[in-house]
Every structure is written in C-alpha cells, then in structure tokens.
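Presented below is the structure to which this report refers.
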Amino acid sequence: MSKLGDLGARLYRGEVGYDFVGKRFLWYGVSILITITAIVALAVQGLNMGIEFKGGAVFTTSKSSVSVAKATEVAEKASGHDAIVQQLGTGGLRIQISGLDTGAATDVKKVLAADLKVSEADINADLVGPSWGEQIANKAWTGLGVFMVLVVIYLAIAFEWRMAVAALIALIHDLTITVGVYALVGFEVTPGTVIGLLTILGYSLYDTVVVFDGLKEGSKDITKQTRWTYSEVANRSINGTLVRSINTTVVALLPVAALLFIGGGFLGAGMLNDISLSLFVGLAAGAYSSIFIATPLVVDLKEREPAMKALKKRVLAKRAAAAAKGESPDEAYEAEDEPQVVAQGRPGRRR
C-alpha cells in the first residue's frame, strides 16, 4: 500500500488525525479575512464585465501582420473606448470593443481595415446589445436562487436543517471568494464565467455531502455512549474522508490548471480564462469550505442542543474520573460493553 493510502486507512480508523474542529475559530478567522478582502475588492475595483453584459462590437479580421499591441492602439484610437485584442490561431485578430453602438461600429470597421491593412470585406463585425447580457444575468440569478433553495430542502430532508444551513453558508462563502478573485485580478466576466460559477457549486456541495454523510453515520446513537463528544465524532468524520477529498480535488484541479495556466497563460488563449479561473478558484474554495467551514459550523449548531451538552458533560466527567484513578482513556472503556462510534459510523464492540 502507498504511503498516502496507508495514511488514509489510519485516518479512517481514527489512529491518527488532525483537530480541525478544535481549531475552527482559526479557520473562521481566515475565512472572514478572505471574504472581507473579496468584498472590498468588489466594492473598490468592481468586476470587469465582458461585452456580453455591457454591449459593444467584436471585430474578427483575416490574417494580419499587425501586432496585438499595435491593433489595440488602433482600435482604441478609432473608437474612443478600451479594446481587447487577441491573436487567433488562423493569424487573424479578434478585437473586442465595449460600449460601441451600431453607427459607430461601421466607422470603426473602416478605420480598422485601413490601419490593419486588410480588406473591409474580410472584417466580420458582430454587435452585442446590453439587454442580451442582462437576460443572461437574470437567468443566472434565477438559476442560482433555485439551486440554493433545492439544496437547503434536500439537505434538510436527507440530513438535518443544521447541515443545510452550514452547507448554504459554505456555498455563499465559495461564491464570494471566487467573485472577489475576479475583481482582484481583473479577468473579464463573460457567460463562461457564469457557467463556471454555477458548476463549482456542484463540486463544493459534493465534498460537503461526503463529510456530512460520514458524520450522520458516525453520530448515530451517539447519546448512548460516553466515549466521544459530538465535536470529536465530527472531527473523525473529516479525517476519515480527508485523503479522499484531497485526491478528488487534485484530480479535478489538474485539467482546470492546464486550461488556466497553459492554455490561457503560455498559449495566449485568453478566452479560456473566463471559465477556467472560476473553476480553479471555486474548486479550491469548495474543498476548503467543506473541511474547514461546513462541518465546524454544524458542530457549533449541534452542540447547542441540551442532549449534546449533557453528552459532553458525561464524557468529560468520565475522563476526569479515569484520570483520577490513573487510568488511560482506553483503559477506562475496557470494562464497558457499549457501542463504539468509529470514523465512518459503523458501530462495533470493543474486544
């Protein structure tokens, strides 16, 4: 068995582990700091909305010897607006100018043909109205709202309302961070970005549900034993699925990283950036929130219950009594014939 596989097995059995839940206020602090940074970036810099949302024109030329820098200068001078120019694989140029109306687009096309030394007939112009982008945004908000409601209903039925609330907060956390990164780096927000944002919600929810499922099984009949508190069972559930969460996240991030850093960076395929950045940041944030945010939030909500408070009191009292007798925690339970809660919730009996 590989070292990682051996570690995963030991985490699953509870032989080793990290106290994620015990340090939850540290993770809360880190998340709050990141979220505040994202909100400030949104408030100060705002989002660089693409032409699909602001309206404008996209000019596609045939093969041209003019450099991207020169074409950008020509387009901005001709239109009076900021322009984004990308080199196409055919050798042509894609010139995107926001805020350009139909009348001005015709004049700009003539100037581009002259300065870029291509025939006006070889320049294709596509005009985009801002109303189309507004429709996309409205549908995205509607889809997001429906998704959130269905998630809360499903989790409340399949698990419990505390887990539904924690998952909802984690999803909002992931979205806020991802959108904040877009504001910080200035990447363009396009319909591809919207698709990416909606996609990461599914990944984030998947990781969270995996941990919640282990917690649900592990906490079954938890009040009938005095070995572990609810927070300790939750921590064992996180550790039991930790390697699996890391593996699935890394495997998902690798192709996305290739799109973002190789396709968008080295190869200059800037159109890949709009969706790949949202996927990359969202996947990483989703893996983080499922471990460091969602489950600790469930613990905070759950341990407010009288039954969980009483359980914690009994567990600590038993440990204190064992310590007074000079017994180790394991020895204190050798004489008991009671269910043992394990990492993934399969009850057994000590032998």
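Worth saying up front: this structure is predicted, and the values here are computed from it rather than measured.
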Can you check whether [Y]'s main-chain N or O pairs, donor with acceptor, with [X]'s side chain at less than 3.5 Å?
{"X": "Arg319", "Y": "Arg227", "answer": "yes"}
{"X": "Ser290", "Y": "Ala287", "answer": "yes"}
{"X": "Thr295", "Y": "Ile291", "answer": "no"}
{"X": "Asn48", "Y": "Gly186", "answer": "yes"}
{"X": "Gln45", "Y": "Ala183", "answer": "yes"}
{"X": "Glu303", "Y": "Met308", "answer": "no"}

So if you build clusters from Ile, Leu, Val, Met, Phe, Trp, Tyr with side-chain heavy-atom gaps below 4.5 Å, do [X] and [Y] land together?
{"X": "Leu184", "Y": "Val281", "value": "no"}
{"X": "Val30", "Y": "Val21", "value": "yes"}
{"X": "Val40", "Y": "Val185", "value": "no"}
{"X": "Ile39", "Y": "Phe187", "value": "no"}
{"X": "Val152", "Y": "Trp161", "value": "yes"}

Quick one: closest heavy-atom pair of [X] and [Y], and the distance?
{"X": "Ala75", "Y": "Ala83", "result": "CB-CB, 3.8 Å"}
{"X": "Tyr18", "Y": "Asn235", "result": "O-ND2, 2.9 Å"}
{"X": "Gly56", "Y": "Ile51", "result": "C-CD1, 3.4 Å"}
{"X": "Gly196", "Y": "Leu279", "result": "O-CD2, 3.9 Å"}
{"X": "Thr229", "Y": "Leu311", "result": "CA-CD2, 4.4 Å"}
{"X": "Ile200", "Y": "Ser278", "result": "CG2-O, 3.5 Å"}

To the closest 0.5 Å, what do you measure between [atom1] ([X]) and [atom2] ([Y])?
{"X": "Phe147", "Y": "Leu198", "atom1": "CZ", "atom2": "CG", "answer": "8.5 Å"}
{"X": "Ser237", "Y": "Lys216", "atom1": "OG", "atom2": "NZ", "answer": "13.0 Å"}
{"X": "Asp213", "Y": "Thr208", "atom1": "CG", "atom2": "OG1", "answer": "12.5 Å"}
{"X": "Met148", "Y": "Leu175", "atom1": "CE", "atom2": "CG", "answer": "5.0 Å"}
{"X": "Leu277", "Y": "Thr178", "atom1": "CG", "atom2": "OG1", "answer": "8.0 Å"}
{"X": "Leu283", "Y": "Tyr206", "atom1": "CG", "atom2": "OH", "answer": "12.5 Å"}

Could you tell me if the side chain of [Y] sits less than 4.5 Å from the side chain of [X], heavy atoms only?
{"X": "Val151", "Y": "Leu168", "value": "no"}
{"X": "Ile293", "Y": "Tyr288", "value": "yes"}
{"X": "Lys77", "Y": "Val111", "value": "no"}
{"X": "Leu144", "Y": "Leu201", "value": "yes"}
{"X": "Thr61", "Y": "Asp122", "value": "no"}
{"X": "Arg162", "Y": "Leu297", "value": "no"}
{"X": "Arg236", "Y": "Trp228", "value": "yes"}
{"X": "Leu253", "Y": "Phe280", "value": "yes"}

For this session: Starting from Ile157, walk the hydrophobic network (Ile, Leu, Val, Met, Phe, Trp, Tyr; side-chain heavy atoms closer than 4.5 Å) and list everyone else you reach, by chain and number.
Result: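 Ile157 clusters with Val149, Ile153.
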Exercise. Would Thr248 and Tyr203 count as having a side-chain donor-acceptor pair, cut-off 3.5 Å?
Worked result: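 Their side chains do not contain a donor-acceptor pair, so the 3.5 Å distance test is not met.
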For this session: Not counting sequence neighbours, list each pair that qualifies as a side chain to side chain donor-acceptor pair (under 3.5 Å) and has a residue in residues 141-156.
Result: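 For residues 141-156: none.
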Pairing residues for [X] by the side-chain contact (heavy atoms from CB on, under 4.5 Å) criterion, not counting sequence neighbours:
{"X": "Lys139", "answer": "none"}
{"X": "Val209", "answer": "Leu155, Phe159, Leu205"}
{"X": "Glu73", "answer": "Lys70"}

Problem set entry | Identified side-chain contact (heavy atoms from CB on, under 4.5 Å) partner of Val108 from the options Ile123, Ile97, Val74, Ile95 |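 Result for side-chain contact (heavy atoms from CB on, under 4.5 Å) with Val108: Ile97.
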Problem set entry | Listed partners of Arg24 passing salt bridge (Lys or Arg N to Asp or Glu O under 4.0 Å), at least two apart |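 Arg24: salt bridge (Lys or Arg N to Asp or Glu O under 4.0 Å) contacts with Asp300.
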Exercise. According to the interplanar angle, ranging from 0 to 90°, do the rings of Phe292 and Trp27 count as parallel (below 30°), tilted (30 to 60°) or perpendicular (above 60°)?
Worked result: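 Aromatic pair Phe292/Trp27 classed perpendicular.
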